[in-house]
There are 2 protein chains.
Amino acid sequence: MLSERQMMILRAVVRDFTNSGVPVGSKALAKQLPIHVSSATIRNEMAALEELGLIRKTHSSSGRIPSVEGYRYYVDHLVKPDPLRPNDLNMIQSSLGGDFHKIDEIISQSATILSNLTSYTAFTLKPELKDSRLSGFRLVPLGHRQIMAILVTDSGDVENQTFDVTEAVTGEQLEAVVRLINDQLVGLTLPAVLQKLQTDIPAKITHYLQSPQGFLDIFGDVLTRAAQERFYVGGRLNLLNFSQDSDVDSLKALYSLIDKTDDIADVLGQPRDNISVQIGNEMTNDALRYYSLITATYDVNQHGRGMIAILGPTRMPYSRMIGLLGAFREELAKKLLDYYRHYDE
Amino acid sequence: MLSERQMMILRAVVRDFTNSGVPVGSKALAKQLPIHVSSATIRNEMAALEELGLIRKTHSSSGRIPSVEGYRYYVDHLVKPDPLRPNDLNMIQSSLGGDFHKIDEIISQSATILSNLTSYTAFTLKPELKDSRLSGFRLVPLGHRQIMAILVTDSGDVENQTFDVTEAVTGEQLEAVVRLINDQLVGLTLPAVLQKLQTDIPAKITHYLQSPQGFLDIFGDVLTRAAQERFYVGGRLNLLNFSQDSDVDSLKALYSLIDKTDDIADVLGQPRDNISVQIGNEMTNDALRYYSLITATYDVNQHGRGMIAILGPTRMPYSRMIGLLGAFREELAKKLLDYYRHYDE
DNA sequence: ATTTAGCAATCTCTTTCGTTAAGTGCTAAT
DNA sequence: ATTAGCACTTAACGAAAGAGATTGCTAAAT
């Protein structure tokens, strides 16, 4: 258990260091703290905090910087979300103010806004019902032996893909296949569909197609694509700002990570409640060792729950970022409710 | 006009410098050149070459490196394409060997292969007929007031987009609109379609839709998207390898450039004949000052002409890269002809 | 029992200086 | 036309020195 004074010091160390990037010494603290004590006293307290593993030195005679545990204590017990700057609120509202024809545009736009506001990298995930189900399937002949397969889920996701077929396929054949899919598979969850696709369907589909493998592949592709949670990313390039002395390799690892949908979904993990902060090596992924991730959920009533997140250096102004995410998710939820109000029956 | 010996020296300077990255001195050259002259003689010749602006020093007593003009002379007069390494040929053939369902997969895969072979960034553009024309248009109702618009061009490009509609729209209305578009616009070039979209169509379409603006916007979007030449990019991250001492700003400029389809299309420019090299500031774009671009066209008979390109540091092994691109475009053309043979009538 | 002043010790950062190695240009001899 | 020889220039490296910041510790003060 920390004393009041120790908390005060830890808070000041975090605040100073996240602002300046320079280790903070006892003298600077003594000068700025509201209580009147000498630097020697601060030094004693700092030694205690170091003993507890909350702060550390970069070399034997340097000032202190927060350790991962120190940041953790700070965000768990000491941080107070900054109120949103009026400018930022304006920026959010005007960027979300326009007319959108698709949810995805709002969500993708949100990633851009967030990355601009923070100058970090932002992720957004649209509100999603748990276990979305297949609600419709189409095959549209495009001429030239091209066909487009379209898949719709009950959460409104649309996934599509065109492919070329070698053999001539008639409209009746296509309709038969579509009917088969819609009869057998609509209403099931996507994993269940994927399951049946390998068991029941192949036998049945041979009634209509001579060589169904191509079709099954395509359908499987589109299906797995639809089953993946889809993230939008804003401000990719901002990661360049924090690369330590051009450490190209770790930068490449980082970019590979955020570009692989599966991997980054893993990192963001299950929607935690509210706002959650993950710091440095608290994340198991090695590429994120020197970064922190702040995630926040947002609720759109019966339309499900989505997520927004920002990824920046461990040394980031947490109070500002937490305040920002908190405010942003409310604006976003509002906007989405508004959107649904227009388009729902 | 350069003497034989001067050419020999220039060639050696380029070869050495692109290999080692270190300025080349007279002594090293004297040792490696096939003719037997002293370093002092080489120095005299080098002074002459410098006078001509083909090579330059990095500081007053350094060895020489090629200037942009020197590289230019080299690729125009001295370079001899390296024959393809057997390994590379294997790699190309096995990567292109599989079965593909879409041309775009072949082209996109090609970008990846090229970037792997070169460890630079690669661009590929699919074979395209000049002035492709609108060949089909569909509106597919997806339920939930979602509609997908699909546009097909006579070169086989498919572009699509879903959108949500506020008012209820009946199947008959959609069919009427589709019929209108297909009657009035199919067969025209895309710019012509875009033109008519703003003049003739709005008046006619109000027969079928109360508020056609949303639809017109979407159609316009899809159209402009289809009219853009679409590039595939491979090995984006390879650009990180050459960033001078973490010059974040120019790196950002570079990435913004290659991610904007319009801009990069501008840079690649009109398909030149054969294989073309653009060096450093020969390209007007400032972000490319320290890079070189090698482009090559490939022909797929009546199916049009496409382009492949690689972007790497000015100091790149041109002979190897030119040989590589030359071989690759032949393999790619072969593969595409093969592909069309299966899918054409 | 705390707190503080004082101080030696430690470490980084920057500057300076000398050394080495590579390379050039020029001159005079071949 | 070529070459040997040499003075000169510069980058790169490392050692040395000094400035500045900060710590831990000790002993005195509160």
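Naming convention: chains lettered A, B, ... in sequence-line order (proteins, then strands); numbering from 1 in each chain.
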### Query
Is any N or O donor-acceptor pair between the side chain of B:S61 and the base of D:dT9 shorter than 3.5 Å?
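In this structure, the two groups form a donor-acceptor pair.
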Check this one for me: any side-chain N or O of [X] less than 4.0 Å away from OP1 or OP2 of [N]?
X: B:S26; N: C:dT24; value: yes
X: B:R64; N: C:dT24; value: yes
X: A:R5; N: C:dT3; value: yes
X: B:S60; N: D:dT9; value: no
X: B:T41; N: D:dT3; value: yes

[N] [atom2] sits how many Å from [X] [atom1], rounded?
X: B:K27; N: D:dA4; atom1: NZ; atom2: P; value: 12 Å
X: B:D16; N: C:dG23; atom1: CG; atom2: C1'; value: 15 Å
X: A:L33; N: C:dT3; atom1: CG; atom2: P; value: 14 Å
X: A:R43; N: D:dA21; atom1: CZ; atom2: P; value: 15 Å
X: B:N44; N: C:dA29; atom1: CG; atom2: P; value: 17 Å
X: B:L29; N: C:dT24; atom1: CG; atom2: P; value: 8 Å
X: A:M46; N: D:dC25; atom1: CE; atom2: P; value: 15 Å
X: B:I65; N: C:dT24; atom1: CD1; atom2: P; value: 13 Å

### Message
Counting neighbours of NZ on B:K252 that are heavy atoms of other residues, nucleotides or ligands and sit closer than 6.0 Å, is the number greater than 12?
### Response
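Yes, the 6.0 Å shell around NZ holds more than 12 heavy atoms from other groups.
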### Query
Mind checking whether A:Y318 and A:Y71 have parallel, tilted or perpendicular rings, split at 30° and 60°?
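A:Y318 vs A:Y71 ring planes: tilted.
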### Message
Between A:R289 and A:D286 (salt bridge meaning N to carboxylate O under 4.0 Å), is one present in this structure?
### Response
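Salt bridge present between A:R289 and A:D286.
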#### Entry: Presence of salt bridge, B:R236 and A:D259, under 4.0 angstrom
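No, no charged N to carboxylate O under 4.0 Å.
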### Task
With the side chain of A:E50 defined as its heavy atoms from C-beta on, choose the nearest nucleotide among C:dT4, D:dG24, C:dT24.
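Looking only at side-chain atoms, A:E50 lies closest to D:dG24.
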### Message
Of the listed nucleotides (C:dG25, C:dT12, D:dG24), which one gets closest to any side-chain atom of A:H59?
### Response
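Shortest atom-to-atom distance from the side chain points to C:dT12.
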### Message
Any donor-acceptor pair under 3.5 Å linking the side-chain atoms of B:R56 with those of B:S67?
### Response
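Side chains of B:S67 and B:R56: no pair found under 3.5 Å.
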### Message
Base, sugar-phosphate or nothing for A:K57? Non-hydrogen atoms, less than 4.0 Å.
### Response
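Sugar-phosphate contact only - A:K57 comes under 4.0 Å of backbone atoms but never of a base.
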